[in-house]
Amino acid sequence: MPIRLYNSLTRSLQDLEPRTPGVVTMYHCGPTVYSSPHIGNFRSFLFADVLRRFVEDQGYRVQQVMNVTDVGHLTNDDIESGEDKMEAASRKTGLTAWDIARKYEAEFHDCQHKLFVRLPHHMPRATEYIAQMGAIIDDLLQKGVAYQTNGNVYFEVARFPGYGKLSGKVLEELEAGARVAVNEEKKDPRDFALWKVDPKHQMQWDAPFRSGVRGFPGWHIECSAMSMQLLGPQIDVHTGGEDNMFPHHECEIAQTEAHTGKPFVTIWMHARHLLVDGTKMSKSLGNFFTVADILGKGYSGLELRYALVRVQYRQALNFTLKGLDEARAAIGRVQQCRQRLVRVRDGLERAGADDLAAACTAANDAFTAAMQDDLNVSGALAAVFDFVALANKAPVSVTGAKAALAVFARAEDVLACFGPEPKADATSDAPAELLALLEQRKAAKKNKDFAAADRLRDQIAAAGWRIVDAPTGARLERT
RNA sequence: GGUCCCGUAGCCAAGUGGUUAGGCAACGGAUUGCAAAUCCGUCUACCCCAGUUCGAUUCUGGGCGGGACCUCCA
């Protein structure tokens with residue numbers, strides 16, 4: 001069975017059929033590094049990560065690029081009133097635009113790490129691809145699809161008949177929107193900037209195209225240049241947040257296809273925006289969370305990842321703190337099950353005769369089928385939890401425990417939201433003094449001195465550990 | 001104003017024209033010296049109206065309600 005994905009361009013599900021058999025090229029619109037990454041950003045990025053992981057799980061080799069936008073993304077897509085996001089942040093903080101970009105890029109990478117993202121093969125910075133952008137701009141100018149006014153270069157939308165095919169936007173609507181600022185330089189309000197001139201701008205380059213003026217690139221051209229340079233003129237999958245569909249991706253298609261004369265992307269995928277407490281996340285509503293905010297509340301990266309990944313990317317996901325608590329409990333259920341299997345495998349608990357062969361196959365198949373169906377993570381998780389219930393009840397054999405653990409390891413490889421295989425017993429990780437207390441308690445219990453035993457248990461609890469009294473003996477676990 | 005999505009048991013959330021999704025919470029039981037942790041069990045829903053159908057939560061139409069995008073945003 002192939003992987004079926006929803007293509008925003010055709011508005012339908014279609015099979016993933018890479019241009020080169022066995023190799024899937026994917027490009028993801030990455031962060032604009034002007035502020036701390038928030039949980040909405042990471043809903044998109046984790047979607048891209050799960051997509052990549054599952055495609056690899058299905059036996060493909062993936063070539064994955066996620067860019068870092070460190071210049072040219074304006075607060076308003078208009079040369080007169082728009083301000084570069086780096087520059088705006090610079091004005092507010094006193095840091096240079098370059099410092100802002102590097103600071104938040106580092107923070108982004110840190111968040112990727114904390115949320116268990118499998119790093120893309122390339123994470124190019126826009127500022128390091130100015131020459132490649134210039135080559136495209138030069139070609140578009142030569143072809144007459146772009147024009148230069150006062151040094152600013154615009155793409156002439158009227159010269160690209162396919163404009164609007166992704167977003168469904170038509171000229172009349174855009175004009176009726178009346179929110180497009182009037183710009184006398186443009187031939188058409190839809191035309192968008194490829195290169196901008198602004199002497200006050202901190203990030204400047206000599207024009208990388210013929211007869212140009214020193215300036216900086218427009219946002220849209222960046223992705224076209226990096227994508228083409230690193231993955232070639234035609235790629236299999238391109239993702240982004242739903243807001244990217246227009247104008248960003250529409251413009252990417254126009255300039256790239258006008259340049260190459262070939263279809264740019266086979267499958268466009270867009271992640272639905274995250275909601276928080278049932279509504280759009282915004283600073284003014286007080287429901288705006290950065291990744292650091294959530295981790296600062298005591299939730300782990302794993303719990304946050306689970307909460308952001310558990311709903312299919314095209315569904316509105318309502319993020320709540322309660323959802324994080326649910327994630328914590330759900331992860332615990334899976335890990336508890338895995339720990340028991342580890343204990344059976346390692347001979348610490350009595351093994352039975354069930355090798356779980358049929359159950360393992362069924363669980364893997366159900367997981368695969370759900371993921372093949374446009375990354376239905378909820379369905380895939382249901383397959384995992386069904387399997388948990390089965391494994392918990394089964395008198396599992398050593399062979400069965402190994403097989404079951406492989407099922408979980410596979411699910412973890414794709415979703416990465418449960419954590420690594422638990423240790424059979426964390427007791428040995430506890431500080432020596434706690435182990436001493438545990439021994440004392442054992443003795444107290446043997447002497448039926450329950451008052452002393454309970455006091456020791458409280459001491460251990462106060463140190464952040466709990467005693468688990470299992471039939472096979474007492475052990476310690478972190479709380 | 002234009003485009004689009006959604007409305008499933010206490011909460012979150014899959015899916016299906018006729019057979020128990022799943023998670024969390026709650027409750028009951030097992031276990032325990034008592035607990036904790038854990039496990040097992042119980043909890044059977046599909047916004048309203050009309051239509052199609054032998055049969056609709058699932059298809060069609062209408063209504064109501066919520067949300068998103070069209071503007072910086074993942």
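Treat the numbers as computed from the prediction; the structure is a model and nothing was measured. Throughout, a chain's letter reflects where its sequence line sits, starting with A, and its residues are numbered from 1.
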Of the candidates B/A68, B/G41, B/A14, the side chain of A/K393 sits closest to B/G41
- [ ] Carefully, step by step, assess A/F108 and A/F45 under the rule ring pair (Phe, Tyr, Trp, His ring centres under 6.0 Å).
- [x] CA-CA 11 Å; A/F108 170 70; A/F45 301 147; 5.3 Å; yes
From CE of A/M245 across to P of B/C72 the rounded distance in Å is 16 Å
Query - Test log, rule salt bridge (charged side-chain N to carboxylate O under 4.0 Å, His left out), inputs A/R53 and A/D49 - result: CA-CA 6 Å; A/R53 284 167 174 271; A/D49 183 52; 2.9 Å; yes
* To do: Just say parallel, tilted or perpendicular for the rings of A/F288 and A/H38, cut-offs at 30° and 60°.
  => perpendicular
Re B/A68: Watson-Crick or G-U wobble partner, both distances kept under 3.5 Å, found to be B/U3
A/Y104 atom OH is separated from B/A74 atom P, nearest whole Å, by 14 Å
Across every strand shown, the nucleotide meeting Watson-Crick or G-U wobble geometry with B/G17 (both distances under 3.5 Å) is none
task = Using a heavy-atom cut-off of under 4.0 Å over every strand shown, decide if A/G240 touches base, sugar-phosphate, or nothing.
result = sugar-phosphate
*Report the C-alpha distance between A/F387 and A/F408 in whole Å, list the side-chain angles of each, state the deciding distance to 0.1 Å, and finish with yes or no for ring pair (Phe, Tyr, Trp, His ring centres under 6.0 Å).*
CA-CA 9 Å; A/F387 185 65; A/F408 287 114; 5.4 Å; yes
Margin query: Taking B/C47 as the reference, what is the distance to B/U42 when you measure between their C1' atoms (whole Å, please)?
Written below: 28 Å
Nearest-nucleotide check on RNA chain B, A/C29 vs A/G332; residue mapping nearer the 5' end is A/G332
Whole-Å distance, A/N67 CG to B/A74 C1', equals 12 Å
| query | Are any side-chain N or O atoms of A/D373 and backbone N or O atoms of A/N376, one a donor and one an acceptor, separated by less than 3.5 Å? | reply | no
| query | Is the A/H249 ring parallel, tilted or perpendicular to the A/W268 ring (thresholds 30°, 60°)? | reply | tilted
Taken to the nearest whole Å, CZ/A/F246 to C1'/B/U71 is 10 Å
Under 4.0 Å, counting only non-hydrogen atoms across every strand here, what does A/H38 touch: a base, just sugar-phosphate, or nothing? base
From CG of A/L375 across to P of B/A13 the rounded distance in Å is 18 Å
| message | What's the gap between B/U44 and B/C39 when it is taken at their C1' atoms, as a whole Å value? | response | 23 Å
Collect all protein-nucleotide pairs involving nucleotides 4-6 of chain B in which both atoms are nitrogen or oxygen and the distance is under 3.5 Å.
from: B/C5; atom 1: O2'; to: A/R272; atom 2: NH1; distance (Å): 3.2

>> Say we look at B/C6 and B/C59: how far apart would their P atoms be, to the nearest angstrom?
In response: 10 Å
Contacts of A/E252 meeting salt bridge (Lys or Arg N to Asp or Glu O under 4.0 Å) (sequence neighbours excluded), chain-then-number -> none
Has A/H273 got its ring stacked on B/A74, by the test of a centre gap below 5.5 Å and a plane angle below 30°? yes
Taking a pair to mean Watson-Crick or G-U wobble geometry with both distances below 3.5 Å, B/A56 pairs with none
Just by distance, do the side chain of A/E303 and the backbone of A/D325 share a donor-acceptor pair under 3.5 Å? no
Please report the distance separating the C1' of B/A45 from the corresponding atom of B/G10, rounded so that it comes out in whole Å.
12 Å
Using the P atom in both, what is the distance from B/A14 to B/G23, to the nearest Å? 15 Å
Rounded to whole Å, the CG-C1' distance (A/L390 to B/C40) equals 13 Å
Write down the distance separating the P atoms in B/C72 and B/G63, rounded off to the nearest Å.
33 Å
### Query
Which part of the nucleic acid, if any, lies within contact of A/T279, taking any heavy atom under 4.0 Å across all strands shown: a base, the sugar-phosphate backbone alone, or nothing?
sugar-phosphate
- Taking atom C1' in both B/C4 and B/C27, what distance in whole Å separates the two? 42 Å
Considering only atom P, compute the distance from B/U16 to B/U60 and round it to an integer number of Å. 14 Å
Rounded to whole Å, CG of A/N287 lies from P of B/A68 at a distance of 10 Å
When both distances are under 3.5 Å in a Watson-Crick or G-U wobble arrangement, the nucleotide paired with B/U44 is none
Sorted by chain and number, sequence neighbours left out, salt bridge (Lys or Arg N to Asp or Glu O under 4.0 Å) with A/K114 holds for A/D110
With sequence neighbours left out, the residues meeting ring-ring contact (aromatic ring centres under 6.0 Å, His included) with A/Y306 are none
With a cut-off of less than 4.0 Å, is there a side-chain N or O of A/N392 near OP1 or OP2 of B/U38?
no
The side chain to side chain contact (heavy atoms under 4.5 Å, CB included) partner of A/L456 among A/E439, A/K445, A/Q440 is A/Q440
Per-nucleotide protein contact along nucleotides 16-35 of chain B, 5' to 3', at a 4.0 Å heavy-atom cut-off (B base, S sugar-phosphate only, - neither), is -----BSBS--------BBB
Comparing A/A271 with A/K280, nearest RNA chain B nucleotide closer to 5' gives the residue A/K280
By the Watson-Crick or G-U definition, both distances under 3.5 Å, B/A25 is matched with none
Please tabulate, for side-chain N and O atoms in residues 315-323 of chain A, each donor-acceptor pair with protein atoms closer than 3.5 Å (sequence neighbours left out).
from: A/N318; atom 1: OD1; to: A/D277; atom 2: N; distance (Å): 3.2
from: A/N318; atom 1: OD1; to: A/G278; atom 2: N; distance (Å): 2.6
from: A/T320; atom 1: OG1; to: A/G323; atom 2: N; distance (Å): 2.9

Separation of B/A14 atom C1' from A/Q372 atom CD, nearest Å, is 17 Å
